[in-house]
**Student:** 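Before I ask anything, here is the structure I am working with.
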Amino acid sequence: MATYQLHNTALSVEVSDLGAAIHSVRTPGGTEFIWEGDPAVWAGRAPILFPICGGLKNDTYLLGGKEYHQQKHGFIRFETFVPVLSEPERLVLEARDNAETRKTFPFSFVFRVTFLLQANRLAVTYEVENTDNQTMYFSFGAHEGYATPEGVSAYEIHFEKEEKLSTVVLHGNLLSDTERVPVMEGKLLPLNPSYFTVDALVFETLSSRAVTLARRGGGRQVRVEFPGFDHLLLWQKYDAKYLCIEPWCGMPDFESADGHIEHKRYITALPAGETYARTHTL
């Protein structure tokens with residue numbers, strides 16, 4: 001596994017070639033914003049989700065009369081990316097389809113991730129190019145784990161806009177078609193580990209396209225902006241010392257899903273030869 005470095009006077013960033021995952025975002029004073037990836041708790045740090053977000057019913061989908069198996073969150077986090085550009089404040093990594101990916105995702109594609117460091121902001125762009133001769137169906141999403149050394153109970157989420165949010169109930173890896181649990185009204189969500197006893201808070205719809213994770217009373221905070229991402233999830237392993245803030249273009253299967261990828265709710269259909277890109281900033 002190789003790592004790449006970005007740096008300026010405000011931040012130092014480390015990115016792995018495995019899955020193009022962010023491993024570190026650190027200030028000159030030593031404040032680390034990314035979860036350490038302790039394998040005894042959760043070995044991930046900031047996996048990228050592609051070509052699906054969440055799980056499929058029976059981990060399978062149908063396309064063109066054939067059945068394909070696809071694991072939860074897809075495979076791109078296990079692929080080794082190669083550098084296209086590596087500069088002190090800009091890094092472009094790329095992965096392409098191969099014989100193994102085509103077994104579960106029968107498309108030719110290029111998946112690029114661009115990291116751009118500007119002062120105390122890191123912009124991350126996911127770009128999917130359909131190099132196939134057919135329409136490609138996919139989702140992608142961010143899954144960065146942000147360190148909360150004091151535990152999530154010491155933190156709160158500030159939403160950009162007034163919200164009235166309910167979480168979609170998860171039954172295993174699938175979303176309920178009908179069950180919604182109210183979570184908050186307003187702009188402020190005090191965090192409590194009890195939210196994550198089952199799994200994640202799944203916000204199917206929301207007005208905000210930016211949230212801030214902040215320590216109560218001041219101190220560490222990170223703002224995540226996600227224009228163009230329609231859904232947001234918050235997740236942690238119960239009572240762990242991190243919180244994942246996850247803007248997604250796509251969702252897990254709902255319990256009523258019929259298995260046909262063309263019918264999947266919130267799937268992106270990208271015509272042959274076209275490119276689809278979204279940027280989120282932390």
Side-chain angles (χ1 to χ4, degrees), residues 1-7 11-26 32-55 59 69-105 107-117 122-129 131 138-147 222 224 229 233 235-237 240-250 276-282:
M1 182 177 70
T3 58
Y4 301 90
Q5 312 293 325
L6 297 92
H7 59 87
L11 292 173
S12 297
V13 176
E14 181 180 297
V15 178
S16 172
D17 67 342
L18 182 61
I22 300 170
H23 274 201
S24 176
V25 177
R26 185 186 295 267
E32 175 62 68
F33 287 97
I34 300 297
W35 160 247
E36 65 192 61
D38 181 355
V41 181
W42 178 53
R45 299 190 193 197
I48 298 171
L49 316 183
F50 174 85
I52 60 166
C53 299
D59 293 329
H69 295 272
Q70 187 62 255
Q71 63 190 312
K72 182 178 181 180
H73 294 331
F75 55 75
I76 206 71
R77 64 195 190 276
F78 303 118
E79 294 295 310
T80 299
F81 283 66
V82 298
V84 175
L85 177 71
S86 182
E87 297 175 344
E89 297 184 3
R90 187 165 183 253
L91 171 68
V92 183
L93 300 178
E94 180 179 281
R96 296 174 178 261
D97 63 282
N98 55 58
E100 284 302 309
T101 68
R102 288 190 292 272
K103 291 178 182 178
T104 64
F105 187 63
F107 302 101
S108 298
F109 67 88
V110 181
F111 191 98
R112 297 184 188 90
V113 188
T114 298
F115 303 89
L116 180 61
L117 191 57
L122 177 66
V124 185
T125 300
Y126 304 147
E127 181 181 321
V128 181
E129 181 183 352
T131 55
F138 70 92
S139 305
F140 59 54
H143 200 303
E144 286 107 0
Y146 296 100
V222 59
V224 181
F229 291 78
L233 286 82
W235 175 80
Q236 64 154 199
K237 281 282 183 73
K241 293 186 177 182
Y242 67 85
L243 181 78
C244 289
I245 299 175
E246 307 178 32
W248 287 7
C249 290
Y276 181 93
R278 291 290 185 272
T279 300
H280 72 290
T281 302
L282 54 111

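The structure displayed is predicted, hence computed values, not measured ones.
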**Student:** For a quick test of reading the model, state the closest non-hydrogen atom pair linking Gly55 to Lys72 and the distance between them.
**Tutor:**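 For Gly55 versus Lys72, the nearest heavy atoms are N-CG, 4.0 Å.
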**Student:** Is there a side-chain contact between Val15 and Thr3, using heavy atoms and a 4.5 Å cut-off?
**Tutor:**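 Val15 does not reach Thr3 side chain to side chain.
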**Student:** Over all heavy atoms of both residues, which pair between Gly19 and Ile48 is shortest? Give the atoms and the distance, please.
**Tutor:**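 Heavy atoms only, the tightest pair is O-CD1, 3.5 Å.
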**Student:** For Val224 and Pro247, which heavy atoms make the closest approach, and how far apart are they?
**Tutor:**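 Minimum heavy-atom contact is CG1-CG, 4.3 Å.
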**Student:** Roughly how far apart are Leu11 CG and Leu117 CG, rounded to 0.5 Å?
**Tutor:**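 So the CG of Leu11 and the CG of Leu117 are separated by 5.5 Å.
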**Student:** Once you measure the plane-to-plane angle for Phe111 and Phe81, does it fall in the parallel (<30°), tilted (30-60°) or perpendicular (>60°) bin?
**Tutor:** perpendicular
**Student:** Is any side-chain N of the basic residue among Glu87 and Arg90 closer than 4.0 Å to the acidic one's carboxylate O?
**Tutor:**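 Looking at Arg90 together with Glu87, the answer is no, because their closest N to O distance does not fall below 4.0 Å.
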**Student:** Ring pair (Phe, Tyr, Trp, His ring centres under 6.0 Å) with Phe50: which of Tyr276, Tyr126, Phe109?
**Tutor:**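 Only one option passes, and that is Phe109.
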**Student:** Give me the atom names and distance for the closest heavy-atom approach of Thr281 to Thr279.
**Tutor:**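 For Thr281 and Thr279, the tightest heavy-atom pair comes out as OG1-CG2, 4.3 Å.
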**Student:** For a side-chain contact (heavy atoms from CB on, under 4.5 Å) check, start with the C-alpha distance between Val113 and Val92, then their side-chain angles and the critical distance, and finish with the verdict.
**Tutor:** CA-CA 6 Å; Val113 188; Val92 183; over 6 Å; no
**Student:** Are side-chain N/O atoms of His280 and Glu144 paired as donor and acceptor at under 3.5 Å?
**Tutor:** yes
**Student:** Start with the C-alpha distance between Ile22 and Val124, add both sets of side-chain angles, then the distance that settles side-chain contact (heavy atoms from CB on, under 4.5 Å), and finish with yes or no.
**Tutor:** CA-CA 10 Å; Ile22 300 170; Val124 185; 4.2 Å; yes
**Student:** Roughly how far apart are Glu79 CD and Asp97 CG, rounded to 0.5 Å?
**Tutor:** 9.5 Å
**Student:** Establish, yes or no, whether a centroid distance under 6.0 Å links the rings of Tyr242 and Trp42.
**Tutor:** yes
**Student:** Would you name the heavy atoms of Gly74 and Gln70 that are closest together and state the gap between them?
**Tutor:**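 Scanning both residues completely, I find the closest heavy atoms to be CA-OE1, 3.5 Å.
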**Student:** Between Thr131 and Ser108, do the side chains contain a donor N or O and an acceptor N or O under 3.5 Å apart?
**Tutor:**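 Result is no, nothing qualifies.
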**Student:** Taking atom OG1 of Thr104 and atom CG of Asp59, what is their separation to the nearest 0.5 Å?
**Tutor:**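 Thr104 atom OG1 to Asp59 atom CG measures 11.5 Å (nearest 0.5 Å).
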**Student:** Would you please classify the geometry between the His143 ring and the His73 ring as parallel, tilted or perpendicular, with 30° and 60° separating the classes?
**Tutor:**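 It falls in the perpendicular class, over 60°.
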**Student:** Flag the pair Arg102 and Glu100 as a salt bridge only when some basic side-chain nitrogen lies within less than 4.0 angstrom of an acidic carboxylate oxygen.
**Tutor:** no
**Student:** Would you mind reporting whether Val41 and Trp35 have side-chain heavy atoms less than 4.5 Å apart?
**Tutor:** yes
**Student:** What do the steps show when you test Leu93 against Arg112 for side-chain contact (heavy atoms from CB on, under 4.5 Å), and what is the final call?
**Tutor:** CA-CA 6 Å; Leu93 300 178; Arg112 297 184 188 90; over 6 Å; no
**Student:** Do Thr114 and Glu127 have side-chain atoms, one donor and one acceptor, less than 3.5 Å apart?
**Tutor:** no
**Student:** Among Arg26, His23, Arg45, find the residue that satisfies the side chain to side chain contact (heavy atoms under 4.5 Å, CB included) test when tested with Ile34.
**Tutor:**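 Only match with Ile34 under side chain to side chain contact (heavy atoms under 4.5 Å, CB included): Arg45.
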**Student:** Begin with the C-alpha distance, continue with both residues' side-chain angles, and end with the deciding distance and a verdict on salt bridge (Lys or Arg N to Asp or Glu O under 4.0 Å) for Arg96 and Glu94.
**Tutor:** CA-CA 7 Å; Arg96 296 174 178 261; Glu94 180 179 281; 3.0 Å; yes
**Student:** Write down the atom of Gly141, the atom of Cys53, and the distance for their closest heavy-atom approach.
**Tutor:**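 It is N-SG, 3.6 Å.
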